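On a predicted model such as this, the values are computed, not experimentally measured, just so you know.
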Amino acid sequence: MRIATWNVNSITARLPRLLAWLESSGTDVLCIQETKTTAEQFPTEELRELGYEAAVNATGRWNGVAVVSRVGLEDIVRGLPGDPGYEGVEEPRAVSATCGPLRVWSVYVPNGREVDHPHYAYKLQWFEALKAAVAGDAAGSRPFAVMGDYNVAPTDDDVFDRAVFEGSTHVTAPERAALTALRETGLSDVIPRPLKYDHPFTYWDYRQLGFPKNRGMRIDLVYGNAPFAKAVTDAYVDREERKGKGASDHAPVVVDLDV
DNA sequence: ATGACTCGTACCACGAGA
């Protein structure tokens with residue numbers, strides 16, 4: 001089985017590339033982030049024509065997540081149980097589903113904006129809620145993974161230049177501690193291979209030739225429990241999808257499983 | 001070549017992204 005996670009930065013703008021990529025890559029289950037659409041505007045029919053069902057949690061111009069599957073889609077949970085909300089609003093940042101032998105979450109962790117911004121506190125609270133929500137499945141015997149845009153680079157090697165991020169979100173100790181706490185529920189970081197260069201970056205800024213200069217970050221992560229990790233046969237970043245006109249600023253992370 | 005931001009919404013910019 002081939003599964004993947006991809007922050008598409010608007011599923012409407014990305015639809016031609018998304019549909020072509022699903023077919024060419026042979027992906028069975030895709031976790032999508034930043035759909036930037038309402039559930040009503042989500043391209044359910046276009047995906048169905050390719051043989052995929054979709055579980056969607058999306059409310060409008062910001063955020064939005066989905067799980068797309070051609071191997072079954074059951075027990076859908078929309079939203080993060082215990083989501084702390086930002087300024088009184090619960091944002092659509094999580095959806096989970098069972099896809100055949102596998103249970104997955106598609107998550108879009110809050111960005112945080114600045115370290116002293118309320119959004120950063122919200123980010124850390126959101127991680128707490130995520131940990132509580134997934135702990136049971138993480139310790140279970142069914143293959144299980146929390147996949148998505150975590151908006152945290154786990155180590156200094158996961159950014160192109162540590163000095164550039166000094167004092168910024170995505171690299172701070174509390175954010176990394178939140179990742180460690182999440183792993184302590186029984187999850188491990190399934191680190192993909194880069195298809196070029198030394199580091200498996202998954203995001204490159206649109207500005208200032210970020211991609212051609214490989215000024216990237218690894219912030220799209222696959223956290224799997226022990227049965228999941230044991231089934232992994234390969235994992236890589238499909239950087240080809242970051243190329244050319246009409247690309248997302250994130251590339252898909254692809255994982256092959258023997259399940 | 002992978003090439004100097006892009007998206008949606010609103011409206012003659014702007015907020016958000018990381």
Worksheet item: Can you tell if the side chain of Trp21(A) reaches within under 4.5 Å of the side chain of Trp6(A), non-hydrogen atoms only?
Response: yes
Worksheet item: What string of B, S and - do you get for nucleotides 10-18 of chain B, 5' to 3', if B is base contact, S is sugar-phosphate-only contact and - is no contact with any protein heavy atom under 4.0 Å?
Response: -----BSBB
When rounded to the nearest Å, what value does the distance between [atom1] atoms of [N] and [M] take?
| N | M | atom1 | value |
| --- | --- | --- | --- |
| dA4(B) | dA10(B) | C1' | 27 Å |
| dC11(B) | dA16(B) | P | 16 Å |
| dA1(B) | dC14(B) | P | 37 Å |
| dA18(B) | dA13(B) | P | 26 Å |

Item to complete: Tell me whether the centres of the aromatic rings in His119(A) and Tyr122(A) are closer together than 6.0 Å.
Response: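 Yes: the rings meet the under 6.0 Å criterion.
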Worksheet item: For the ring pair Tyr223(A) and Phe228(A), is the centre-to-centre distance below 6.0 Å?
Response: no
For [X] and [Y], indicate whether the former's side chain and the latter's backbone hold a donor-acceptor pair under 3.5 Å.
| X | Y | result |
| --- | --- | --- |
| Arg2(A) | Val254(A) | no |
| Thr38(A) | Gln41(A) | yes |
| Asp137(A) | Phe144(A) | no |

What integer distance in Å separates [X]:[atom1] from [N]:[atom2]?
| X | N | atom1 | atom2 | result |
| --- | --- | --- | --- | --- |
| Lys245(A) | dT6(B) | NZ | P | 7 Å |
| Leu209(A) | dT2(B) | CG | C1' | 9 Å |
| Lys213(A) | dG3(B) | NZ | C1' | 10 Å |
| Arg239(A) | dA1(B) | CZ | P | 16 Å |

Item to complete: Give one of base, sugar-phosphate or nothing for Thr12(A), where a contact means two heavy atoms less than 4.0 Å apart.
Response: sugar-phosphate
Worksheet item: When we call it a touch if two heavy atoms are under 4.0 Å apart, what does Arg14(A) touch: a base, just sugar-phosphate, or nothing?
Response: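 Sugar-phosphate only.
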Practice prompt. State which residues pass side chain to side chain contact (heavy atoms under 4.5 Å, CB included) with Ala153(A); sequence neighbours excluded, sorted by chain then number.
Written response: Asp158(A), Val159(A), Val171(A), Arg176(A), Ile219(A)
Discussion item. Quick check on DNA chain B: between Gly60(A) and Lys196(A), whose nearest nucleotide comes earlier from the 5' end?
Written reply: Lys196(A)
